[in-house]
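Contents: one structure, followed by commentary.
Positions are given from 1 along the sequence. Everything quoted here is computed from the prediction, not taken from an experiment.
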Amino acid sequence: MRLLYRTAALAYAAYSVDFATNSRKTRAENNTNDSHDGNSKLHKCVDILVVGSGIIGSAIAYHLRDTSMLDNNLTTSPSVLVLERGTVGCEATGLSAGTIESFGYGSNGYKDLHDFEDIFRYACAGTIAILKELEEVYQKQCSFAQDGLLTICATPDEACLVEKECSALQERGYNVHFISGGAAVHALEPGIKPESICAAMYLPEGAHCDPLQTAIGLADVAQQRGAVVLENSEVIRVALRTSSLAESNDCAHSTQDIDQRDVIPGEAIDISQEMPEDANIQISSNEKCHGRGPCFNDSCVHVGKDTYYEVTCANGARFTARTVVIATGAWPACLERSFGIQVPVVPVKGQMWLTQPVRESLLKHVIYVAEPHIYWDHHSVRDDTAPLPIPEYCSHDRHYQQLVRHTYGRKRADGRIVFGGGRIRTHPQDYAVDAQSIADLRNHAGEFLADEVMETELEGTWAGLMPFSMDGYPIVGELSSFGLPNLWLVTGFGGNGIMLGPMFAKFVANALVGIAPLPRAVQASCCPARNGCVRKLDQEEGHANRE
C-alpha cells in the first residue's frame, strides 16, 4: 500500500513538477538516511521538533525560521527539525486539488474574528498572502493563480440561500458578489453550461496552487533559513522526560551552529554532537523570557528542573526537543502509542480525475457547488456508532450510501482539468480508486461543466486520505491539560488543509515563540481539550488499542 500511494503522489506531481530541476526524484529515490540506520544510537537536540511535512508541518517550519519574527525580546530563531515518514507533501497535501476559497480580510480584518467561520475566512486570505510571498520573494514556483472562484447554484432554493449569505458577507466588507442567472454566470465562465444553473457566488480573490509544489517550496525555504527536514523518518514513539538541566547553548542551538547550508530534504546530516544514551542531555528551558514565551535568547541561562521530549524513529534515529508539534494529518497514532491519548481524527477518502489539456478560455475559475455546503449547514452526518465512525461533513453514510453530492475542481497551469470530490470514511491505508465513485463524480460534473470539458480524454484518477476530526473543526493547541506541556497537536483540517494550513501554521509559530497567543476564536473552536475531542484512554482501552 505504501508503494501505491507514493506512486499516485509521484504520478500526480510529475504533471506539474520538473523533477530534474527540483531534484525531487533523486531525493526520494536516493534518500536512505544511512547515518540513521537501525543501529544508530544518536541523540540530537533541538528547540522545536515538527512531526510531519505536509502543507501544515512544512509551513510551521517556514514560519518558525522567519527572522522577521525577531524583536528585542527574541534575538534568535529557535532551532527546528522536521521528521517526515515519507517525503515532503506525499500524503493528503500532494493528492489534493489545491483550491483556496478566499473572501478577503473584510472591513475589520483580525479585529473581527468571533467564531470559526471568521477564522476560516481570515486564514484563507492569509494563506494567499503567504503563497504570494513564497513565489514573489523566494522564487518558489507553486503554480499559484488568483483567478477567482465560483460556487454554483442548481436550484432557486440554493440561489436564495446563497444570495442571503452574500449580502451578509458584503455588509462586513468581504469581497463577494452574487451573480443571478445562468447566462450571466456563463458569460463570466464559459466552462459552465448556462441552462444547468441559476446563480453563483463569485469570489474574485479565490485562488489555486499546486499543493505538492507548495509544500516543497515551504520546506525548502525553511531549510534555507536553517531548519532541517529529514524524510523517510517515521516517528514511532514520543516520550516525556524530566531532568535537572543547566542550559548550554551548545545543544539548544545546534542546528544553527553546525550547519547553515541549504539542506536537501532527506539528507541525513549530523545536526548535533553524538551523545551516549545516558548522557545528561541539555536543552532549552521552558521558563518564560520577558513574559512573552519560551526562551530562545542566547544571553539567557536557566538552571532547574525541566521537561523535554525524546522522539524515536522507526529507523533507529532518536532526537530530543523541548517542544514537539504533531502535524501528521490522519495518522496521529504515535500519540496513542506513547501517551494513551486518543485523537478523534479519522481518514476520509476523496477521489480525483484528471483530463488532457483544454483550450485556454475554458474553466478559468475554481468551481464549487453549493449543494453539499447547504446540506451540511442543515444536517449533521456524524455517526459515532458506525463500525467506522463517520465524522461531520462526509458525503456518504455508514453503508456507503450517498447523502449528498460533493464535486469541485479547477484547471491547472498546464491546461489540464482536475476535478473530484466525495468524502467517504475509510481505513487508514485505503487508496483504492472506485470506478463507480469516479463515474458518479463525472456524471455530477457533467450536469454543469461544458460538453467540451467532459469530452476531453481522461489522463488519470487517484484517491487521497484527508484528516477529518469527528466534530468537523481542526484540532490545534498544546496538550498541557493532559499533562504534556510543550506538546502541540495541529491536525483535523479535513478538506481545508491547503486553504487554512499555511496561516494556521503562522498562528502556531507565533504562539510557540511567544509573539502572540492563538487567536481567541481558534482557542475556542479548535482546542484539543474541548468537549468530545482529545481524551486520555484508561489503561484497559490503551492496552486493547495497542493490541
Side-chain angles (χ1 to χ4, degrees), residues 1-2 5-6 9 48-62 64 80-96 211-212 215 218-219 222 229-239 265 309 311-315 317 319 321 323-349 391 426-431 464-470 474-479 482 484 486-498 500-502 504-505 508-509 512 526 528 533-534 545:
M1 279 297 186
R2 295 288 298 168
Y5 85 74
R6 278 300 300 141
I48 300 175
L49 188 151
V50 181
V51 184
S53 68
I55 189 71
I56 294 171
S58 296
I60 290 172
Y62 173 90
L64 284 172
V80 178
L81 170 65
V82 182
L83 298 178
E84 164 58 46
R85 74 171 184 171
T87 55
V88 172
C90 69
E91 284 284 359
T93 293
L95 299 172
S96 64
L212 182 58
L218 290 167
V229 179
L230 295 181
E231 297 176 311
N232 295 336
S233 299
E234 180 179 7
V235 171
I236 59 173
R237 182 174 175 79
V238 181
Y309 290 91
V311 178
T312 304
C313 295
N315 58 16
F319 306 89
T323 298
V324 173
V325 181
I326 307 294
T328 52
W331 298 269
C334 65
L335 282 179
E336 186 169 308
R337 289 194 301 263
S338 302
F339 303 111
I341 296 291
Q342 184 180 69
V343 181
V345 172
V346 297
V348 171
K349 181 162 67 174
T426 190
H427 297 279
Q429 296 298 326
D430 179 16
Y431 295 88
L465 303 183
M466 299 169 283
F468 273 64
S469 68
M470 290 301 294
I475 303 174
V476 180
E478 187 181 4
L479 298 179
F482 297 90
L484 299 170
N486 296 325
L487 180 63
W488 283 64
L489 185 59
V490 187
T491 187
F493 286 81
N496 300 318
I498 300 298
L500 304 180
F504 264 74
V508 170
L512 287 173
C526 306
C533 194
V534 176
N545 286 343

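Residue Y309 holds its OH atom at 4.5 Å from CG of L484, rounded to the nearest 0.5 Å. One distance of note links CG of L81 with CZ of F319; it measures 5.5 Å at 0.5 Å rounding. If you take OG1 on T87 and CG on L212, they are separated by 7.5 Å, rounding to the nearest 0.5 Å. Separating the CZ atom in R237 from the CG atom in L335 is a distance of 12.0 Å, to the nearest 0.5 Å. Within the model, atoms CZ of R85 and OG of S233 stand 12.5 Å from one another, a figure rounded to the nearest 0.5 Å. If you take CZ on F339 and CG on L479, they are separated by 9.0 Å, rounding to the nearest 0.5 Å.
Under a 3.5 Å cut-off, the side chain of T93 and the backbone N or O of I55 do form a donor-acceptor pair. Under a 3.5 Å cut-off, the side chain of T491 and the backbone N or O of G329 do form a donor-acceptor pair. A donor-acceptor contact shorter than 3.5 Å links the side chain of E478 to the backbone of N486. The backbone N or O of V238 lies less than 3.5 Å from a partner atom in the side chain of S338, making a donor-acceptor pair. For the pair E231 (side chain) and V88 (backbone), a donor-acceptor distance under 3.5 Å is present.
Taking both residues in full, the closest heavy atoms of A321 and V324 are given as CB-CG2, 4.2 Å, listed atom of the first, atom of the second, then distance. C526 approaches F504 most closely through the heavy-atom pair SG-CE2, 4.2 Å. Taking each heavy atom of A215 and G89 in turn, the nearest pair found is CB-CA, 4.2 Å. Nearest heavy-atom pair, S469 versus P391, reported as atom, atom and distance to 0.1 Å: O-CB, 3.4 Å. Between L95 and G464, the closest heavy-atom pair is CD1-CA, 3.8 Å. Taking each heavy atom of A330 and P467 in turn, the nearest pair found is N-CB, 3.3 Å.
Applying side-chain contact (heavy atoms from CB on, under 4.5 Å) to I475 and the options V490, I326, V534 leaves one that passes, V534.
By the 4.5 Å heavy-atom criterion applied to side chains, M466 and S96 are not counted as neighbours. Side-chain contact between L49 and V51 is present, with heavy atoms from C-beta onward closer than 4.5 Å. Looking at I498 and F493, their side chains never come closer than 4.5 Å, going by heavy atoms from C-beta outward. At a threshold of 4.5 Å between non-hydrogen side-chain atoms, the residues K349 and L465 count as touching.
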Derivation of the side chain to side chain contact (heavy atoms under 4.5 Å, CB included) call for I48 and V325
CA-CA 7 Å; I48 300 175; V325 181; 4.2 Å; yes

Which is it for E84 and C90 under the side chain to side chain contact (heavy atoms under 4.5 Å, CB included) test, yes or no, and what are the steps along the way?
CA-CA 9 Å; E84 164 58 46; C90 69; 3.9 Å; yes

